[in-house]
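Below, all heavy atoms of this structure are taken into account, side chains as well, without hydrogens, waters or symmetry copies. Each chain gets a letter, A, B and so on, in the order its sequence line appears, and its residues count up from 1.
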Amino acid sequence: MPELPDVEVFRQYAEATALHKTIRSVHVHEPDLLESISRQQLAQRLNALHFADTGRHGKYLFLKTAKRWTLVLHFGMTGYLAYTQSQAKVPSPARMTIDFANGYHLAYVCQRKLGVIDLTDDPEGYIREKGLGPDPLAEGFSPERFVDRLKPRRGFLKSALMNQKILAGIGNVYSDEILFQTGFHPRTAVADLDKADVKDLFRVMQEIIDTSVGARAQPDKLPPNYLTRRRKAGRPCPRCGGQIERTQVAGRTAYYCTRHQKKR
DNA sequence: CCTATAGCCTGACGGC
DNA sequence: TGCCGTCAGGCTATAG
């Protein structure tokens, strides 16, 4: 599920619920999700601290304590956060629960166990080690930089948009939305784009991300002419009346309009 | 550099 | 109703 807009909503949620509350205990229920730390060490290092700030890069969420450590969360395909008052309301597939001194709990839920839990003392370094590209919402990201990052690419546009090393945060659904709104076929070759095309992609991408975050990443709250709400083969295109079809691109299912989305 | 494939996990869905 | 295959908004490793 979670792509950049979803994780940004999670970040805002954590910001509004889990900051400045003393951590009383940390329980990892599924140690397989821990990337480079034991559950004991994680619990020990976070114990008695509080989260003081949040951050996000692409699909990674950072919960920063006021001291040395930052909790790193990735949500895989099915992850989310739940801040609850009672233990009974913690969703059952929770893979980690953080108990605060105020009696509340922050649960990290990850049904399919495709996410990651880690601790770092250097979030910037963590991002660098992963080889993540720039975040589309970051200050320094510009149309020119996007052009530079796409220039050496030989493959399909959809694959490039989803490649976290080129650009961090776009997944299957939002890559389809960007292509839909810019009118490019998902198998458009990156090499066939000119600068104006990439700048157009940049502008539309920013707008889609802003709109989606504004809609709290809920598909039914997106504008009616978004593909995301009509992501099914055989449906009419909400923009041109053409037809939505599905295809495979680099192993992923892509939905697109056969009438207004064209290759270059 | 690229693509396709398989694998990691679990639950929902449709067809029989 | 129950079983079974397929599919799902992520990512990695491998082979070609």
Exercise. Between dC2(B), dC9(B), dA8(C), which one does the side chain of L114(A) approach most closely?
Worked result: dC9(B)

Problem set entry | Distance-only polar pair, side chains of Q181(A) and E177(A), donor-acceptor under 3.5 Å | yes

Seminar exercise, completed: Closest to the side chain of D32(A), out of dG9(C), dC9(B), dT10(B), is dC9(B)

Exercise. When the C1' atoms of dT12(C) and dG11(B) are considered, how many whole Å apart are they?
Worked result: 23 Å

For this session: Run through K21(A), R24(A), H27(A) and flag the one making a side chain to side chain donor-acceptor pair (under 3.5 Å) with D99(A).
Result: H27(A)

Exercise. For the residue pair F202(A) and F146(A), does the interplanar ring angle fall in the parallel (under 30°), tilted (30 to 60°) or perpendicular (over 60°) class?
Worked result: tilted

Problem set entry | Runs of at least three Watson-Crick or G-U pairs with DNA chain C, cut-off 3.5 Å | B:2-8 with C:10-16, B:10-16 with C:2-8

For this session: Would you mind listing the cluster partners of I127(A)? Hydrophobic ones only (ILVMFWY), side-chain contacts under 4.5 Å, chaining allowed.
Result: Y60(A), F62(A), V72(A), V116(A), Y126(A), L132(A)

Exercise. Could you state the OH-C1' distance from Y80(A) to dG10(C), rounded to the nearest angstrom?
Worked result: 18 Å

For this session: Write down the distance between CZ (R153(A)) and C1' (dT3(B)), rounded to a whole number of angstrom.
Result: 12 Å

Exercise. Which part of the nucleic acid does R187(A) contact within heavy-atom distance under 4.0 Å: base, sugar-phosphate only, or nothing?
Worked result: nothing

Exercise. Which whole-number value in Å describes the distance from L132(A) CG to dT12(C) C1'?
Worked result: 14 Å

For this session: Check whether any side-chain N or O of H74(A) sits under 4.0 Å from OP1 or OP2 of dC11(C), and answer yes or no.
Result: yes

Problem set entry | Separation of dC11(C) P from L161(A) CG (nearest whole Å) | 14 Å

For this session: Apply side-chain contact (heavy atoms from CB on, under 4.5 Å) to the pair R216(A) and K221(A), showing each step before the final yes or no.
Result: CA-CA 8 Å; R216(A) 302 207 61 80; K221(A) 297 216 165 63; over 6 Å; no

For this session: Measure the distance from NZ on K151(A) to P on dC1(B) and round it to the nearest whole Å.
Result: 16 Å

Problem set entry | Of the listed nucleotides dC9(B), dC11(C), dG9(C), the one nearest the side chain of E3(A) | dG9(C)

For this session: Check the angle between the aromatic planes of H20(A) and H50(A) and answer parallel, tilted or perpendicular using the 30° and 60° thresholds.
Result: tilted

Exercise. Hey, are R252(A) and S159(A) close enough side-chain-wise for a donor-acceptor pair under 3.5 Å?
Worked result: no

Exercise. Are K113(A) and dG10(C) close enough that a side-chain N or O sits under 4.0 Å from OP1 or OP2?
Worked result: no

For this session: Please state whether the phosphate of dC9(B), meaning OP1 or OP2, lies under 4.0 angstrom from any side-chain nitrogen or oxygen of T78(A).
Result: no

For this session: Under 4.0 Å between any heavy atoms, over every strand shown, what does Q164(A) touch: base, sugar-phosphate, or nothing? Just pick one.
Result: sugar-phosphate

For this session: Report yes or no: is there a donor-acceptor pair, N or O only, under 3.5 Å between the side chain of N172(A) and the base of dG10(C)?
Result: no

Exercise. dG7(B) and dG5(C): how far apart are their P atoms, nearest whole angstrom?
Worked result: 15 Å

Exercise. Strictly under 6.0 Å, is that where the ring centroids of F75(A) and F10(A) end up?
Worked result: yes

Problem set entry | Selection from dC1(B), dG10(C), dT10(B) that lies nearest to any side-chain heavy atom of K59(A) | dG10(C)

Exercise. NA contact type, T228(A), heavy-atom cut-off 4.0 Å: base, sugar-phosphate, or nothing?
Worked result: nothing

Problem set entry | D32(A) and R95(A): CA distance, side-chain angles, deciding distance, salt bridge (Lys or Arg N to Asp or Glu O under 4.0 Å) verdict | CA-CA 10 Å; D32(A) 287 353; R95(A) 307 302 181 189; over 6 Å; no

Problem set entry | Distance in angstrom units between M162(A) CE and dA8(C) P, rounded | 12 Å

Exercise. Would you say a side-chain N or O of R252(A) is under 4.0 Å from OP1 or OP2 of dG10(C)?
Worked result: yes

Exercise. What interatomic distance, in whole Å, is found between P of dT6(C) and the corresponding atom of dT5(B)?
Worked result: 15 Å

For this session: Quickly work out the Q111(A) CD to dC7(C) P distance and round it to whole Å.
Result: 19 Å

For this session: Find which nucleotide of DNA chain B each of A250(A) and P152(A) is nearest to by heavy atoms, and output the residue with the more 5' nucleotide.
Result: P152(A)

For this session: Please figure out whether K165(A) or R112(A) has its closest DNA chain C nucleotide nearer the 5' end.
Result: R112(A)

Exercise. Please give, in whole Å, the distance from dG9(C) P to Q218(A) CD?
Worked result: 18 Å

